2 protein chains.
Amino acid sequence: MPRVSKEACLDELKLRILRMELEPGMLLDEASLAAHFGLSRTPLREILQRLAGDGYLSIRENRGAKVASMDVTTMRTFFQTAPMVYANISRLAAENRTGAQLSDLQRAQAEFANCTSEGDAPAAALCNHRFHALIGEMAQNPYLVAALNRLLIDHTRLSQTFYRPAGPREASLVTRASEQHDALICAIDARDGDLAIELTLQHWDLSRDSIERFVRPDPLPVDLVARKEKDAV
Amino acid sequence: MPRVSKEACLDELKLRILRMELEPGMLLDEASLAAHFGLSRTPLREILQRLAGDGYLSIRENRGAKVASMDVTTMRTFFQTAPMVYANISRLAAENRTGAQLSDLQRAQAEFANCTSEGDAPAAALCNHRFHALIGEMAQNPYLVAALNRLLIDHTRLSQTFYRPAGPREASLVTRASEQHDALICAIDARDGDLAIELTLQHWDLSRDSIERFVRPDPLPVDLVARKEKDAV
DNA sequence: TGTATACAATATGTATACAAAAAGACTGTG
DNA sequence: CACAGTCTTTTTGTATACATATTGTATACA
């Protein structure tokens with residue numbers, strides 16, 4: 001991939017991290033990345049620094065850059081923090097949005113709905129990311145947005161995992177998520193902060209349930225487990 | 001200043017931004033900075049990228065790096081956001097702190113108390129910064145810490161301004177702040193999250209009052225204003 | 001006098017070469 | 001066979017030279 005602009009390189013690396021093509025904890029090689037994007041190492045290193053600043057990577061002196069990890073403590077912290085930040089961001093977005101931003105958000109939601117109706121789960125997760133990042137921009141609060149964007153990185157990466165096996169039950173959940181997006185847009189349009197908070201918390205509950213169902217799936221059928229138990233005894 | 005390590009350069013730039021020696025909005029020149037620190041432009045540029053990622057600077061393509069601004073909207077957002085983030089960080093710190101971190105915090109507070117008793121206001125503001133940054137580390141929450149550290153940058157810069165003219169009233173406020181620090185350490189030591197929140201909000205009220213008193217000082221004596229009013233009528 | 005354009009000066013962005021540090025392979029010894 | 005130490009290889013960090021973009025200035029023209 002020769003002669004790619006710096007910004008394009010930045011975006012693609014973000015994308016590949018969000019899609020989990022670059023797995024958490026994975027070590028990145030400067031030379032090969034630079035060759036891949038048709039850049040020299042100098043600008044590529046600056047890109048890595050920026051990605052680290054945004055929470056996509058962690059860089060250690062003389063040890064290279066690795067994709068931000070997603071261990072158990074990370075997930076625990078994520079579940080603890082996300083609803084509060086999401087809710088506050090939504091309230092601020094309802095209060096501070098501009099008209100142009102609302103149009104952008106509606107377009108992003110149209111794309112999300114399109115992806116879900118076509119059953120393209122990975123694309124839907126990325127559209128969802130963009131949707132919520134736009135709400136972050138509306139909030140006009142650089143402090144909270146820093147937290148939000150870090151949360152969204154992990155949220156999207158988790159979604160990449162749990163959206164994948166799209167059974168009929170998961171499909172209906174995605175439909176509900178899309179409806180909640182529409183409702184949230186209405187609340188933001190009406191500048192109704194309290195409603196935006198409430199809808200956001202509902203949206204979060206849905207998302208959390210989906211993730212939890214993946215992490216703690218239904219147990220195996222009993223007759224299969226029985227043999228294993230007999231061996232153990 | 002020849003042959004300064006990269007990390008030292010990073011720290012000094014942070015320090016000079018927090019002390020407002022590098023004023024908000026000020027444009028930084030790569031070449032002169034590199035010469036000043038005895039580095040070449042390549043590593044210095046990486047440092048600037050990192051500082052931008054941490055919220056100290058903002059970088060625009062082909063336009064150089066400028067110190068993060070502090071305009072009216074920034075301050076409004078700051079006052080809106082700080083108490084919530086501070087309170088939550090304190091609660092998490094009380095819940096998740098380690099023994100070693102508590103010792104560090106006590107040392108930082110000793111330094112802060114020392115600076116205040118000596119009347120060294122600028123140094124006190126920096127010690128205060130470090131004190132609260134350590135509480136952030138205790139919280140073990142990278143999402144909220146990103147917000148906290150950005151808040152602390154602006155908080156410390158505001159303090160640099162309003163701590164300066166240290167009248168007797170300001171001195172007593174600083175003493176109270178130091179006592180609140182001690183109380184907060186006790187709460188964190190006892191792992192009392194609710195108490196930590198309450199103390200943090202009190203601490204915030206004190207800080208906010210100080211800043212507001214600086215921004216909206218007592219009006220001029222009436223007899224001086226009288227003449228002006230007569231002219232107007 | 002105001003404005004537009006060309007040109008010069010300055011600053012930022014990129015590529016390459018080299019230095020330093022970490023990781024890995026090899027060999028000798030217990 | 002395990003292990004320590006040294007050498008080689010690989011990777012990261014830095015300096016310099018050059019390319020490109022922006023800014024400032026002078027001059028020509030309306």
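We name chains A, B, ... by the order of the sequence lines, and we start the count at 1 in each one. Please read these numbers as outputs of a predicted model, since none were measured by experiment.
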Give A:Ile59 one of three labels, base, sugar-phosphate or nothing, depending on what nucleic acid heavy atoms sit under 4.0 Å from its own.
nothing

Does anything in residues 43-56 of chain B come within less than 4.0 Å of DNA chain C? Heavy atoms only, and list the residues if so.
B:Arg45

Given atom CD of B:Glu30 and atom C1' of C:dA11, what is their separation to the nearest angstrom?
8 Å

Do A:Glu95 and A:Arg191 meet the salt-bridge criterion of a basic N to acidic O distance under 4.0 Å?
no

Using purine N1 to pyrimidine N3 plus N6-O4 or O6-N4 for Watson-Crick, or N1-O2 and O6-N3 for G-U wobble, both under 3.5 Å, which nucleotide pairs with C:dT12?
D:dA19

The correct set of residues in residues 61-69 of chain A placing a heavy atom under 4.0 Å from DNA chain C is A:Asn62, A:Arg63

With under 30° as parallel and over 60° as perpendicular, where do the rings of A:His181 and A:His132 fit, or are they tilted in between?
perpendicular

Charged N to carboxylate O under 4.0 angstrom, A:Glu111 versus A:Arg107?
no

Rounded to the nearest 0.5 angstrom, the CD-CG distance for B:Gln101 and B:Leu134 is 8.5 Å

CG of A:Leu28 to CE of A:Met26, rounded to nearest 0.5 Å, is 6.5 Å

How long is the line joining CZ of B:Arg60 and P of D:dT22, in whole Å?
11 Å

Tell me: CG of A:Leu57 to P of D:dT12, nearest whole Å?
13 Å

Shorter than 3.5 Å, N or O on both sides, protein versus nucleotides 16-20 of chain C: list them out with atom names.
residue : atom : partner : partner atom : Å
C:dT16  : O4   : A:Thr42 : OG1          : 3.2

Closest heavy-atom contact between B:Met84 and B:Asn88?
O-ND2, 2.9 Å

Distance check needed: C:dA23 P versus A:Asp29 CG, whole Å only.
14 Å

Does D:dA4 have a Watson-Crick or wobble mate here (both distances under 3.5 Å), and if so which one?
C:dT27

Might you confirm whether atom CD of B:Glu23 has over 12 heavy atoms from other residues, nucleotides or ligands at distances under 6.0 Å?
no

State plainly whether the residues A:Asp189 and A:Arg97 are in salt-bridge range, i.e. N to O under 4.0 Å.
yes

Across the strands shown, which category fits A:Leu28 at heavy-atom distances under 4.0 angstrom: base, sugar-phosphate, nothing?
sugar-phosphate

Under 3.5 Å, is there a donor-acceptor pair linking the side chains of B:Arg50 and A:Gln49?
yes

Plane angle bin for A:Trp204 and A:Tyr86 - parallel if under 30°, tilted between 30 and 60°, otherwise perpendicular:
perpendicular

Hey, what's the ring geometry for A:Tyr143 with B:Phe78, parallel, tilted or perpendicular (30° and 60° as the breaks)?
perpendicular

